[in-house]
Structure formats: structure tokens, C-alpha cells
Peer 1: 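Please see the structure below; I have some questions.
These figures come from a predicted structure and were not determined experimentally.
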Protein chains: 2
Amino acid sequence: MSRIRHAGRPAVQQPVVVVDRGSPVPLYFQLAQQLEAAIRDGVLAPGTRLENEVLLAHRCGLSRPTVRHAIQHLVDKGLLVRKRGVGTQVVQAQVRRPIELTSLYDDLAAAGREPRTEVLELAPVRPEDEVAAELGTAPGSDVLRLRRIRFTGAEPLAVLTNYLPRDIAAVTGDELRRHGLYELLRRAGVNLRIANQTIGARGATAAEARLLDERRGAPLLTMTRTAYDDKGRAVEYGTHVYRASRYSFALTLVER
Amino acid sequence: MSRIRHAGRPAVQQPVVVVDRGSPVPLYFQLAQQLEAAIRDGVLAPGTRLENEVLLAHRCGLSRPTVRHAIQHLVDKGLLVRKRGVGTQVVQAQVRRPIELTSLYDDLAAAGREPRTEVLELAPVRPEDEVAAELGTAPGSDVLRLRRIRFTGAEPLAVLTNYLPRDIAAVTGDELRRHGLYELLRRAGVNLRIANQTIGARGATAAEARLLDERRGAPLLTMTRTAYDDKGRAVEYGTHVYRASRYSFALTLVER
DNA sequence: TAGTGGTCTAGACCACTCG
DNA sequence: GAGTGGTCTAGACCACTAT
């Protein structure tokens, strides 16, 4: 006797999972990594239904809470979808990497687009009121202002203006040419945790047009960001303008 | 004898928490709601340190995993920051509501900005290849095209173009004038789960300029989105263009 | 060294979905 | 009614941080 396969009920797939209890990597994370790899490699095709949590736990030699932790991790990432009374499925959608707390430099480098940086300014200045308010610096105190142009190959891509409290980190022009700002902050022991961003658009000013090889009034994508570290201090405020013809933001939203 | 307050070590605050075990609301969620309310009301000021998890669990009459679940929920929302060996603090940053799987209509209504909708088109069409590919519809089959202008008060704000598979939902022009598309989909039993978005900018075409009361070439903010339901089906594809002078996207990033 | 969050277990009962 | 995920408990041990 063969079992009837119900229509519309996707097949249950059982990828091989092996956890290493001697590893310093948490068990839930090992499981999540292996499931994610199976999904990205197509072993678990979109729409595939996973085993239920109890069975999966037993087969992996893990407790159910640990398995749930792993699955929740992938649900948060947008790779799996759970429904009570139904089961867990691999999503159909191709998931993009969400906007993260990485700098443009890191993003470009990761995409293999050879970022290059030209430093226009690196000097302490008396901040405008808006900047001082965002950074929460004492009245009358200076902040570090940083203006850069970011290129990919020979093409200018963006003008980046950033402000840092002076006690956060000492950065040099040479370092800025070779690394992203966020990487330099991390090396200086700054743990970024939260950032508020606003994304908008406007026409290029004459100065921006000159720097970006565009016409005055050309549409630019703007991003303004204030970033905070793990102690809640504001550690960076910046305004970036991107050539709309060369750049856009991609993100994946997951309903919680 | 008074205790020494260590410099840089924020005070520990203990808000009153009462959970109702008879409520259908999960205990972890009740706790999270009360902590969130205390934070938003200023009872728990930015930078305040929470009690440790074991004490908080004991004081609330809950187990530690349940308390952890509540705290993790608020960490994910960007309201709290945890650090091993240190503790849990209220973030300094003012947290914005992130971009969610809500429609522009819902967003404007929530902000009290009186959205109004004009329906330009609501008809089945043979989709372009790109649209058919995003929606995964069968070759040769029609999809519903939907074009609307969204106003706040008397000001045009955005032109919205959306495509729906024809079997997803039956929407009428009258419903579209009074509700957001996503609300109508939810009412039709569609559970939105994941969306891929791209945000960019470009200059207005002549037709867009006329509809939006802007000049040709004026900077517009663009958002293209494909949304998927809880079964992984693509249920909506849309391109929205916003007047950059009147609209921007605000979001909060949380490092995981 | 003391205190914190991070991980993990082995159960239990409940709510929801579907045939 | 059978199967699924959602919630919850009462512990345990570990890794990291600060002093």
C-alpha cells in the first residue's frame, strides 16, 4: 500500500543534519546554518514543507526549544514561514540581504564593485544645531566632520558627509581611503547597535552635480542616518547623497 | 550608610509589572507590553538599566525563559539593548516605527493625514514580461492592473501602480477609494508575510508631473515591491512614485 | 570573583488547522 | 480527531564583563 499524497500539501523533506557538540558554535546556530545552506543550495526547494519540530528535534538529537530557536532564526531572516496547525515551509520569494548596519564601502566590496574613496575633508568643526542635537554633544564642543566621495571604478557614486564626536575614535585620511567608516569604528571598539535612517530624494545642487558628474537638478537619492552603540551613545551622524541613476536600496520585509 | 553609585553604571529601575494569567494574551507579551509602555511613558528613561533576568522573573512570578522571550521581543524592536556580562539597558535613540507590511494608506491614516484616493484604472491586462515574471503567472494569462493617485488633503502625494493575479481577490473601485490595498487583501483572507522592496529615485515623466503637480524632471522617490503570502505565492507587484518634496521613508535598523 | 546574559534540556498543556 | 506550531516551566551549565 502506498500512502496518498494530498493535493496542495507539499512534500516533507528531510535534509541530513549533523551537529557537533564539541564546537563552540551554538547548537541552534549550527542547525540554522545547515538548513539555510540546504535552502540556498536548492536541496530544500521553495515551498517544501519541513518535518515537524518534535520529529526534527528527535532526529537531530536536540531538544525542541533548541530546534525552535533555529527555525525562528530563519523565520526572522525571511527564509521560512510557519503557520500554527499547518507546518513550516520554505518561502517562494527570493530573499535579498536586508539593509544592515554596514557601510556603503562594505556593501560595494561585498558585491565586488571595487570601491574607491576620495577624502575631501577631515577636520574638527563647530557643528550646526541639528548635528549637535543628533549627536547629543555638549554646547560649544567641536565634532569631527568628514566629507568623502565614493567611486566604483572611475564613476563617482555618492558624496558622504559624516560627523563623529571627537572622543569616539581617531581616524586618519589614509585609513578612510582604504576602509569603510563602520569598519574603522568597529576596530576602535565601537559596537554599533541601532540606527535611525531616512531615505528620500531631491535635485542635485550645483556643487553636488560637479562632484558627481551630473547636471544641476538631477535626481539624487538621499540617506540620513544617526547610529548608536551598545551603550546607547550616538556615535555617528551622516548625510549621504547617491546618484539615482547608479544606486538604489534593496530590502526584504518580514511580517512579525 | 548609603551605597556608592558607580560612575557610568546607570541606575536599575524596577517598574511595576502585573501579569494576568487568565488573559488569552501570552504572558511574555503582557510583560513586553508593560515594559514598552514604561519606556514610552518615560518611566524607564533612556539609559536605564533593567533588573537582571532572574530577579525580574521572580518578581513577576514568571520563569526566566518567559522573561527572556519578552526582553528579546523588545530588543528586536530596538527598544532595549543587551550585553552579556553587563545587563540590559533602555536605548537612548528615539525609535521610529520601521517600514512594515502596511500600505501607504494605512501609514497616512495612522499619522492622521487624511488619505484620499482617486482610482485611474482597474482592469485586467496582459502583463509585461517583468510583471508576469514577478507574479509567476501563467504565460498568456491576464492580471489585474490598478492605478491610483493618493492625496493628503488637496495635495497629490503619489502615483501607485499595482498588479494582482486575478484569482487573488476581487476588489472594486469603491473599496479602493475607502481603504488601502493591503487592508482589502487581508479582508479577502490573504496573509502577507514577506516583501522585497527596492527604493530609488528618478526624474518625473511628463505624465507623472501632470498627475503630481510637479515639473517634468522633478525628483521623485520610487518604490517597487513584490509581496508574498504565507503560502509563498506572489500576491502583489507594484511600483509607486512619490513626490520627493512631500515624502520620505523612515526606518530603524537593529543589529542582530 | 561576582554578576550578567547565552544556551540547553525534557518535559507539559494549549490553540489552531484540516480532513 | 490527528497533527501542527505557540506557550510555559524549573531547573542547569557556560561565556563574557567588570572590578
Peer 1: How would you list, by chain and number, every residue that makes a salt bridge (charged side-chain N to carboxylate O under 4.0 Å, His left out) with B:Asp41, sequence neighbours excluded?
Peer 2: none
Peer 1: Using whole Å, what does the distance between atom P of nucleotide D:dG5 and atom CD of A:Gln89 come to?
Peer 2: 11 Å
Peer 1: Nearest-Å distance, CG (A:Leu55) to P (D:dT4)?
Peer 2: 7 Å
Peer 1: Taking only the side-chain heavy atoms of A:Glu53 (C-beta and beyond), determine which of C:dG5, D:dT4, D:dG5 contains the nearest atom.
Peer 2: D:dG5
Peer 1: Mind checking whether A:His73 and A:Phe29 have side chains closer than 4.5 Å, heavy atoms only?
Peer 2: yes
Peer 1: For A:Arg166, give me all partners under salt bridge (charged side-chain N to carboxylate O under 4.0 Å, His left out), at least two apart in sequence or on another chain.
Peer 2: none
Peer 1: Could you give the NE2-to-C1' distance, from A:His73 to C:dG6, as a whole number of Å?
Peer 2: 14 Å
Peer 1: Output all residues satisfying side chain to side chain donor-acceptor pair (under 3.5 Å) with B:Gln30, sequence neighbours left out; order by chain, then residue number.
Peer 2: none
Peer 1: With sequence neighbours excluded, what pairs up with A:Arg84 under the salt bridge (charged side-chain N to carboxylate O under 4.0 Å, His left out) test?
Peer 2: none
Peer 1: Counting only side-chain N and O atoms of B:Arg68, is one of them less than 4.0 Å from OP1 or OP2 of C:dG5?
Peer 2: no
Peer 1: May I ask you to evaluate whether B:Asn52 reaches the phosphate of C:dG3, defined as a side-chain N or O under 4.0 Å from OP1 or OP2?
Peer 2: no
Peer 1: Take the protein atom CG of A:Leu50 and the nucleotide atom P of D:dG3, then report the distance between them rounded to whole Å.
Peer 2: 18 Å
Peer 1: Rounded off to whole Å, could you give me the CD-to-C1' distance for the B:Gln72 and C:dG5 pair?
Peer 2: 11 Å
Peer 1: Any chance you could list the contact pattern along nucleotides 8-17 of chain C? Use B for base contacts, S for sugar-phosphate-only contacts and - for none, protein heavy atoms under 4.0 Å, 5' to 3'.
Peer 2: SBB-B--BBB
Peer 1: Quick one: B:Leu80 CG to C:dT4 P, roughly how many Å, whole number?
Peer 2: 16 Å
Peer 1: Side-chain atoms of residues 60-67 of chain A: list all donor-acceptor pairs with protein atoms under 3.5 Å, sequence neighbours left out, distances to 0.1 Å.
Peer 2:
unit_1: A:Ser63; atom_1: OG; unit_2: A:Thr66; atom_2: OG1; d: 3.1
unit_1: A:Arg64; atom_1: NE; unit_2: A:Glu53; atom_2: OE1; d: 2.9
unit_1: A:Arg64; atom_1: NH2; unit_2: A:Glu53; atom_2: OE1; d: 3.0

